[in-house]
Every structure is written in C-alpha cells, then in structure tokens.
Amino acid sequence: RLEYQLASVSVLTDIQAIHARLQKTKAVEAQHDRNLLDLIKKKSHMQARISTVRGVQNHLQQLSQRSQRLSETIQSTCALAENVSSKVRELDETKSRLSDTLQRVDDIIGLRECVSGIQTALGDSNFEQAAIYIRNYLDFDPVLLESESQGAAEKDGPKAVEVLELSHQKLNRLLDEQMHMALTSPQVHDLDVIAQAHRFVKLYPMVKRHIDGVNKLCAFVQRQIEERANQSDESEERDFVTEITAALEGVAKHVGDEAPLLETAFGPGYTALFIKQIQTVSDATAVDVLKHYISTRKLEALIATVQDRAVDLDPRELDSVLAEVTMMLARVSLYNRFIRHHVVSDLSSLEAAVESGDQDNLPDLDRHEYDNLVRVSELTRQAYVLTSDYISLEEAFLRASVAKAIDVDDAKHCAALTSTVVDDVFFILAKCARRSALTTNVDSTCAMFNHIGNTLSDDVLTYLKKPVDKATSNKLSLKALGGRLVKGLTTQSSENSNETDYFCVILNNLALSLEYMERLASDLHGDVRRSFAHADDTDRTKLQSCIASIDDNTRAFERTLTAGLQCLVKSTAVPSIKAAIDAFEFGSYTYDEHDLREMDGVCAAVVNARELFEELIEERQGSLLEHNFSRWILLFAEHLASAMEAAACKGAYTHLGAMQLERDVRAMTAFLTSRTDAAIRDKFTRLSQICTVLAVEEVVSIVHWHFRFNILMSFLAYDCRPMICITITKLQTEPSGHCQFKISRPFWQL
C-alpha cells in the first residue's frame, strides 16, 4: 500500500496537486496522532481490566472444580433413587398381587356362599335373598368363574358355576311363573295380587332383566286398565265426563304408583319406557269414550246444522253439549300434562346419569321420540278433533245467544236506565270465554277470544250504534228525538219523549258496555294466569294479544257514546240554550247605576234560563247514568258557554253593564256547578275573561293585565274557535255617558 501511495505521488507534476496531496497527508497524520493520544490515555484503564480478568480466571477454575464434584454427587444420588424406585415398584407389585389374591379369596368364598345360600333360599322360597345371590354371581369376574369351572373339572367335584347358573335359570323361571299367575288372575285389582306382582317385578333388575321386568309390569297394568274399561256403562244415558275422568285418573294413578318402584328398583329411563308401552291401551280406553260420545251426541249432525245458517238453533241445547265437551277436554289436557311431566323428569334423570358416567343397565332412549310421546298420541289426535268441533259449537252458541239477547231487548219500553241486552250479552261473553279457558287449550281459547271480539264489534256495537247513526245522519231524526223544546219541555209530545228515553237507554247501554268490557278483559287476564300457568312465553303472548283485541273495541264504543251524547245535547239542549240566549238581550247591557239598583242582583233572563235549564237537567239526570250525565252536562255547559260568547261579542255595554254581565255569568256557572261534580267552571273561563275585558275602561289596562299579571293566558290555552276580538275604539259617547264598542282587531296586535 505504501509503494502504491509513493507511486501515486511520484507521478504528480502539478504544484497545486502536490500541495493538495500534502494537505491531505497532514490531515491524516493529525488524525493518527489524535488516535494515539486516546489510546495512551486509556492505557491505565485497559491494564486494570486485564488484571481483573486474570483474577476472575482463578475463580472460574475453582468453580469448575466444584461443579465437577456436584455432578458426581448428583449422579450417585440418581443411582440411589433409581435403586429405591425399583424396590418401591417391586413392593407395589407385591401389594397388588396380594390385593388380587385377597380379592380372589373373597370372591371364592363369596362364590361358595352363593352356591350354598342360593339353594337354601330357593328351597325356602326366599326369592329376594336368592335374587341377591344371583346378582352377586353375575357381578363376579368372568375370569374367576372360568378358573373355578376348570378347577372343579380337574377335581371331578361339583361345579359351583354350573350350580349357580342352574339356580339362575330356575329363579328366572319362577319369576316368570309368578308374574304369569298374577297376570292371569281373575282378580287383578285385588290388593294381594297387586302386592305379589310388585314383589316379583322388583326382582327382575337384580337378575339383570330390566327390560323383561318393565314388560311384565306393563302387561299387568294393561290388564288392569282393560278390566276397568270392560266394566264401563254401555247405556244411552252414559255419563261420558265421569267415564273419561275415571279412565284417565286410573291410568294416572297407575303411573303415579309405579313410578317410585321403577325409579328405585330399575333406575332412570325405565319410567318413560313404561309409560310408552302402556300408552296404547290407556289411550284406547279414553279414545273409545270420546268416539262413543261423538256418536251418541251426534256431533257431526250438530256441526252440519250449525254450519247451515238458515236453521235456527236453541242455545240451551248447545250449552249442555258444550259443558260436557269442555270438561272432557279439560280432563284430557290435565292428563297429558301429568304424563309429560313424568316423561320429561325421567329423561332428565337419565341424561344426568349418562353424564356422570353411570351407564350400567340404562336404556337407550331417543329423546326426540319421547318428547313427542304425548303430542302424537292417538288421544291427543282425537282431542284435537273434539276441540275443532268445540270451537264451531261454541261460536254458534255465542252468535245464537247474542242474537237472542238482542231480539228480546226491551230498550224501547224500558223503565230502567239500561235495558237487558248489555247484562245478557256480557254474561254470555264471559261464560264462553271462561269455558274456553277451562279447556286449557291455547288454540281453542284464542279462537274464542277472537270470536268474542268480533261479536262485540259486529253484533253488539252494530245494534247499539244504529240509533246513534240514525240520529246523527238525519236532521229530521234529531227533531223527532228532541222535540221542539223552543216552546218548552211541557209541550213535548209523548212520542218524542219516548224517542228521547229510548236514545238515553242506548247511551246508557254503551256506557255500561264500556265498563263491562274493562271488567271482562281484567277477568280474562286472571283466568289465563290460572288456567295457563304451565304454558310457555309464546302461548302466553298469543293469549294476551287476543285479550288486547277484545279491549280494543272500547275505542269504537267510546266514539259511538261521544257521538250519541253530542247528538243528545244538540237535539234536546241546544233549542233551550237558543231560547235562553235570545232572552238575555245582550244588546241592552247599557246599564247605569240607577238600573243596577233597581235590578238588585242577576237579571230576570238568568232566572228564567235557570228555571228552563233546571227542568231539562232534572230530566236528563233521571234518564242517564251518572257517568253519562256528567259528560252530558259538560257538553251542555260547553254549548252554553260558546253561545253566550258569540252573543256577548255582538252586544253593546257600558262599564256597569259589563260588570252586570260578569255577575250573570258567575250566577249561571254557580247554578251548573251545583248540579254536578264535573269541571263546569273550565267551560266558562273564556266567557268570564271576556266579561273582564269588557268591564275595563282603558285598553292600557288590558295590556297591563295580560303582560304583567298573565290574566288572559286562558285565551290561548282554550283557543278552540276563532279568538274573540275586543274593540279598542270609542265610537261615540251618548248623553247618558254610555260607551259603545265594536268588534275590531285583537288588543295584543296593538
């Protein structure tokens, strides 16, 4: 590298290049000098580190020696541990062999005891003890049994296994014979026979014959059910409700009695198997009762008659049939819930046993098949057929009964406030609703709730709404309804009075129907909670929705009642109001102090109006229910206040005359308030404040009251019609000092 640098310098001929190379060389030399100085400065530090490394080297040598000694110690310890472990394994093997030997000795002793004990037990007819010996024999290790058989063959002695096997077969034969005797006994309902059957059925699981034991028990129970079914009454006057109740209760009693035996002796899963096997016979008995009932009561012909709208039905005939059908469906539903409860409970126990690992002698059941055991049974199918017939008959009973109640209604000649139609109709509706809930069938109950809602809207409301529609759609009907009250109520004809009383009875019927509908919906909610406590959330939602549809009819009834009350007010009260307003002579409220002193109180027109209204109010109070009367008098007060407002804005007033008008308005308000607890004063708020406005002397006072004391805020709150405009211009001043005002723009626009 040095020769290369010298060669590169020797070729330089330019002085500037030589100087540049010289400067570069000096810079490199200076950098090397600085590096040498740094290394010299670090010399002492490097020497200290070298001495430290030399000291560590000695320690590392000592550590290496100690590690070598530790490794040798660990190797010797491992060898010792391995030696100890081998000894322990030998001890474990010896202990295991000893335990096996002891167990083998115990099994041999137990086997010998079984051989001697089972022969004694069978000889003494102690079948329970014999079954215990056989169970122990079946639980022995097969290897032990095989070795014992070979040992007995070598010794040419009696073979214990053969003795036990023969005893096992003998016990099985005895169990089958005893169960056959119980099954073929002519008195299968005798308590001794039943006790004997239960005694031997419990022995089947002990000899590992679980399925055979369940089959024997099912055969015995089926024989009992058939014997009871053969004893049923075959006469034409059979009590089918009692028969199906006895049949289903008998089966339920068998299930309830046998379930504890099956759970304790056989284990989980066998109760469901037992129920499935006896279901065919148990359902056949109940289905036979239902079919006989349908044929005896001729339901098919009755359904055809119901579907023929031209034939008039007697509701009393349907009522007795429906009562029987309801009770039978209720019994079937209760029985199905009972069976399903036992099946589901047993399947849950079976699943828990399988999950815990205890699967010995457990049956292999299909959960889906057993979940649908009740749902797809023949009894359930026949019950659904009867439910369909029930819905058709109940609807026909409902329609016929309501139509009859409407036909016999005495509203036109009723002396009471309400006629009989409302009580009759809602008694029928409540009866049908409760009867459908007793079936505990969600579909039939929902169907009847829907029929009840349709009956309310189609039949009942149509009947009660017809007079209201006639009165509101025809002006002549309004006149006929109210009469010409302008001439006074005493001149009203008896025909018009009867029309008015009939109309009031209809309105009372509507109000009473609203009350009964609310009560019916509340009662149905309670019936659903009691009858369908077992139902799931979906079924409860369906039922609540159907009840809500019944309650929805209240809006239509409320609209009809409101229209009827307005019609009654317009026909009977508005003529009286018009006559009273005409007598007020609002244009003459130009009183001075002399006129007020002579008047000394309210004007004569107010007194006459009160007498006129008193007679009208007494008549309406005597012909309307309390609730209807309160609403009627509110509408009457509203019409009166509106008419007085319109008339007051067309009059001429002095300051004192406006004060007298305010006094008259207060007197009229007090008169109406004394006749009812309704909020009458609210209807006269605008009129009272108009009187206040008319009584002021300056417009500034109105503005001052409005914006500072908020006196006229009710104008805005009750602005149902065009706002009354109060004059603010003084047109003329008469010599007597009377001031006349005219209608002008509202004062708040100033």
Side-chain angles (χ1 to χ4, degrees), residues 53 55-121 128-169 171 203 205-210 264-269 349-364:
V53 170
V56 171
Q57 182 179 6
N58 297 329
H59 289 292
L60 289 175
Q61 292 176 354
Q62 296 176 3
L63 182 61
S64 176
Q65 295 174 359
R66 293 176 182 177
S67 299
Q68 185 67 27
R69 289 195 297 270
L70 179 61
S71 176
E72 294 174 355
T73 303
I74 291 174
Q75 289 179 357
S76 62
T77 303
C78 289
L80 180 61
E82 183 66 26
N83 188 19
V84 172
S85 297
S86 62
K87 298 296 183 181
V88 171
R89 284 194 296 273
E90 292 178 0
L91 290 176
D92 287 341
E93 291 177 359
T94 304
K95 181 180 178 181
S96 177
R97 292 172 184 172
L98 180 60
S99 298
D100 293 341
T101 303
L102 293 175
Q103 183 64 38
R104 184 71 173 270
V105 171
D106 291 340
D107 291 344
I108 293 173
I109 295 173
L111 186 63
R112 302 299 182 189
E113 291 178 354
C114 288
V115 172
S116 59
I118 194 170
Q119 293 177 349
T120 304
E128 289 79 4
Q129 188 63 39
I132 293 175
Y133 286 128
I134 293 299
R135 182 181 60 186
N136 295 336
Y137 158 65
L138 296 176
D139 290 338
F140 284 142
D141 187 3
V143 177
L144 171 66
L145 298 178
E146 183 178 357
S147 63
E148 284 295 316
S149 299
Q150 294 176 356
E154 293 175 358
K155 295 178 181 179
D156 197 17
K159 299 180 180 180
V161 176
E162 292 182 0
V163 173
L164 290 174
E165 186 62 30
L166 292 175
S167 300
H168 182 199
Q169 296 175 3
L171 180 60
L203 302 181
M206 302 178 69
V207 296
K208 307 299 183 181
R209 296 179 62 190
H210 294 73
T264 55
F266 288 80
S349 300
L350 178 62
E351 290 180 353
V354 172
E355 291 177 358
S356 64
D358 184 13
Q359 300 186 12
D360 293 340
N361 302 312
L362 294 181
D364 184 14

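Hydrogens, waters and symmetry mates play no part in the numbers below; they use all other heavy atoms, side chains included.
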To the nearest 0.5 angstrom, please state how far the CG atom of Leu171 sits from the CE atom of Met206. 9.5 Å
In residues 82-91, what donor-acceptor pairs under 3.5 Å come from side-chain atoms, sequence neighbours left out?
residue: Ser85; atom: OG; partner: Ala81; partner atom: O; Å: 2.9
residue: Ser86; atom: OG; partner: Glu82; partner atom: O; Å: 3.4
residue: Ser86; atom: OG; partner: Asn83; partner atom: O; Å: 2.5

What are the two closest non-hydrogen atoms of [X] and [Y], and how far apart are they?
X      : Y      : value
His168 : Val207 : NE2-O, 3.9 Å
Ala131 : Leu203 : CB-CD2, 4.1 Å
Ile134 : Ser167 : CD1-C, 4.2 Å
Ala353 : Pro268 : CB-CG, 4.0 Å

Can you establish whether the number of heavy atoms outside Asp364 located under 6.0 Å from its atom CG is more than 12? no
Ignoring hydrogens and angles, write down the donor-acceptor pairs under 3.5 Å from the side chains of residues 63-74, residues two or more places apart or on other chains.
residue: Ser67; atom: OG; partner: Leu63; partner atom: O; Å: 2.9
residue: Thr73; atom: OG1; partner: Arg69; partner atom: O; Å: 3.0

Residues passing the side-chain hydrogen bond (donor to acceptor under 3.5 Å, both in side chains) test with His210, sequence neighbours excluded, are none
